[in-house]
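Reading through the structure tokens given below for one structure.
Letters A, B, ... mirror the listed sequences (proteins, then strands); counts begin at 1. Values reported hereafter were calculated over all heavy atoms of this structure, with side chains retained and with hydrogens, waters and symmetry mates removed.
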Amino acid sequence: MKWRALLGFIIVGLVLAYFPELRDMLGYPRYVLTFMYFAFFWTSLATSWNILTGYSGYFSFGHGAFYGVGVYTTAAIVTKTELPFLLTLPLAGVLASLLGLTVGFVVFRLPQLRGELFALLTLAVEFVVAAILFNLVDGGYGLSIGRVPYPDFLGDFSEMMFRLGLLIALLTVFAAYLVHHSRLGRGLFAIHDDEAVAEGLGVPTFRYKMMALGLSTFFAGLAGGLHAVQLSYVDIGGVFKLTVPLFVILMSLLGGRRHWLGPLIGAVIIHTFNDAFSDTRFQLLNDVATGGLLIAIILFMPEGIYERLRQRLIPAATLALLVVVIQALAIGGRITVQFAVMLLFVIALLMIPQRFYDTVIGRFVPSFESVKAKIRSGAEE
Amino acid sequence: MQLFIQSLLSGILIGGLYGIIAVGMTLNWGIMRVINLAHFSLTFLAAYITYQFSTVTGADPFLSLFITLPLFFVIGLVMQWFFETFQIEGFVSLLVTFGLFAIFESIMREIWTADLRTLPLDIVPYRVESFWIGPYALRKPQVGVFVAAIIVSAATWVFLNRTYIGKALRAISQDRVVAGAFGVNHRQLALLLGGMMGVYAAIAGAFIAVLFVLRPDGTVDFIGVIFAVVMLGGLGNTVGAFGAGVIIGVAQSLTSATIGPGFSPLVTFSLLILVLLFKPEGLFGRSATS
Amino acid sequence: MLTCHNVIKDFGGVRALAGVTITVHEGEIVGLVGPNGSGKSTLINNITGLTVPTAGGIQFLGQEIAGNPPHRINHMGIARTYQIPRPFSTMTVRENVEISALFGMTQGISQKEAKQQAIEWLDFTGLSSYANLPVTKLNLHQRKFLELSRALATKPSLLLLDEVMAGLNPSEIDESVKMIRKVHSSGVTIVIVEHLMRVVTSLSTRMVVLDQGRVIAEGLPETVMKDPLVVGAYLGKDYA
């Protein structure tokens, strides 16, 4: 099972790593690479956040702190030493992880610090880290990174960012996958539901929470380290903006926290919308929609998109294909906007309340589960 | 030494502002279990409206309270109605109001842009005026906010402890179901409390307009401070919120004066972390909830 | 097998356990009884490590366990059920039991084995037909049995049952009694906290009576029931 999954991840990785060459052939514009890099970046952040929060239920508002430590590790080393930046990436992850483990070592011993108090505490950690870095490293002027040297086989700058971003995203998602299917994941789910009972039934809760936090913060730092190069100029106000925790939470909630794929789905969706409506004319609309979406998801679809998508996979895929074909043939426009429009249609389909869906669409389109069951029973005969 | 006493004094006074904002947060959290991040947005929205009112009419900013007080009473009430209707409380409220917070911020940015805004001196000449005690200056608006904070927290205390409605609110904070069984109408009281939150926001907003340079994301500077104040003061404890406001105000201004302004958030948030770790019930206990 | 030596537990200013000394021998079914607030659940919480005694010692199989984290105590062979069932609410019935099979005494078993064992335990408690349902679909009596399955799946040598029968109807109670006997005959030592006197006296090989955080009587069910202290403290008003 796990070896097959590893193989799957490697294949997906190799295919995607070849995308920059493919882009030339297909004639896609260059910004598609950057667009996809950002999708990878948000996927890494959201997925890493979810390893702690989605699985164990400890809701962190301070993921930006660990991402920020990663950003500043790379930024500071690259600007102040001659070290190649590729080497700084693991260091960024390790430092973020050390900070995370330090926080966890204190906090996870205190049973009263769950729920909203844990959320507040992590938020405070983010501000403290920002203040420390401001005084020690940044000094209020920010750090300019500029061009960094890197091995030639990675391609030009946006191709290099694409490939490294892809690698980190794959590593993060694979880690989330492994955790989900391992003892660790099972233990974390038990902690999520009832920590005291889990502990009483033999789950080493403290150790498991530390492991989850360590992993979660490591990948946040890693993604942050790479992102420093993408930003090329970093300052405290920008790096520690509350948009990072907001987006990360939003993406995971939207996609679904109980499954390793959830944050990835959420990250792709939110990033695509943000990109498609990034025109300053739409800024207000975009922000209001983001905030409103968060509220709507929490109130009306708390289980996230992944669950609904699983149940409605066939109609959703059909609709997606239909929209893509119509756009490609008849409408045209930026490819990322086309993608956004397609996602909008799919989400609209998923948002239809279950009862209504069952009586109208469910009657004509079989569910994925029922098709699977049919195939299975056919094979048995 | 003179610098020390001077910053001590201004820290105490500015602590009053923290107290006013924190009273709203702490009541909503302590009684209705709503952690309302949007309270910061309401406060800043009130500040912007105050600013707008004064720059357009040229009148004293505090006259705008005639508009903002009733307006924000209604806004607060509507917001609480929303929380009540969808039964939003506890952790979920933190998420939902995070969303509201983002929405409010973008609306303020849309209307007032990201530019820095200050009330011109000819409208508020007293902004730079001071009362003098020997060599020490007490800035007039800071004295004003301190006095207002004393009045607000004392009035709230009297309301909660001496009136029938206030006692009913405290009953809710202790046990909602039992309170309901004794005929306490939860919904009406929640709406009333929501209106009160709006009023606190309006008052604090007026002072922020006078004291600070406004920018749409200025709310962020207050979030940590106010949470620290709320936790330090004890959930639902209005007098505690005032006391904790003063403590944090002093801590901040002493840090700024002695180590440097860059370290002031460090001290505030470290205080918040320490309180959460070691004294989650606050320095002054939970008066309304326990 | 288990010795509590002069265990004291204070909550703030309230003394919940005022020096409790109890010994449980291998193979016993000890009935732990006492009026509400006498400290039965507090004692169980202290034995399982959920709370740490203010003073006194608890030895299990010759080792001091007070102050150990609950999961370690569980790995040594102590499992419990909760008075009000606390299932993992987002999991199915089978997944609930899998967790304890996976993490209980026999650590290091694979997830596949854990699944197999979970199914066996659900068979044992008669819940196997609900295995793939979400726990929210279970009624109280089934939830209590799920608690039991979960505790058993950790393979304890000492099982602490906190009011497994409260709220059940007579036929369900009979079923539970049979099941507890079955568990006991498989070699598990049992401490049972229960309000239903009829049940405890018939099940237990020895009884311990707590009142206001103290042991006021212990011995064979027949003799304990006649103890004037017990009658005064407890049976007069609560005999069921």
Exercise for the section: Using a strict cut-off of less than 4.0 Å between a Lys/Arg side-chain nitrogen and an Asp/Glu carboxylate oxygen, indicate whether A/Arg310 and A/Glu307 qualify as a salt bridge. Expected result: yes
Practice task
Considering only heavy atoms and a distance below 4.5 Å, find which of C/Ile99, C/Leu50, C/Ile73 pairs most often with chain A.
Solution key: C/Ile99
Fill in the blank from the handout: Only residue of A/Arg257, A/Arg308, A/Arg258 satisfying salt bridge (Lys or Arg N to Asp or Glu O under 4.0 Å) with A/Glu303 is A/Arg308
Exercise for the section: Output yes when a side-chain donor or acceptor of A/Ser48 lies under 3.5 Å from a complementary backbone atom of A/Leu45, and no otherwise. Expected result: yes
Practice task
Below 4.5 Å from any heavy atom of chain C, which atoms of A/Phe206 appear? Answer side chain, backbone, both or neither.
Solution key: neither
Problem - Ring geometry between A/Tyr306 and A/His259 (parallel below 30°, tilted from 30 to 60°, perpendicular above 60°) - result: parallel
Fill in the blank from the handout: Counting heavy-atom pairs under 4.5 Å with chain C, the top scorer among A/Gly200, A/Ser182, A/Gly187, A/Ala190 is A/Ala190
Problem - Side chain / backbone / both / neither for C/Thr90 at chain A, heavy atoms under 4.5 Å - result: both
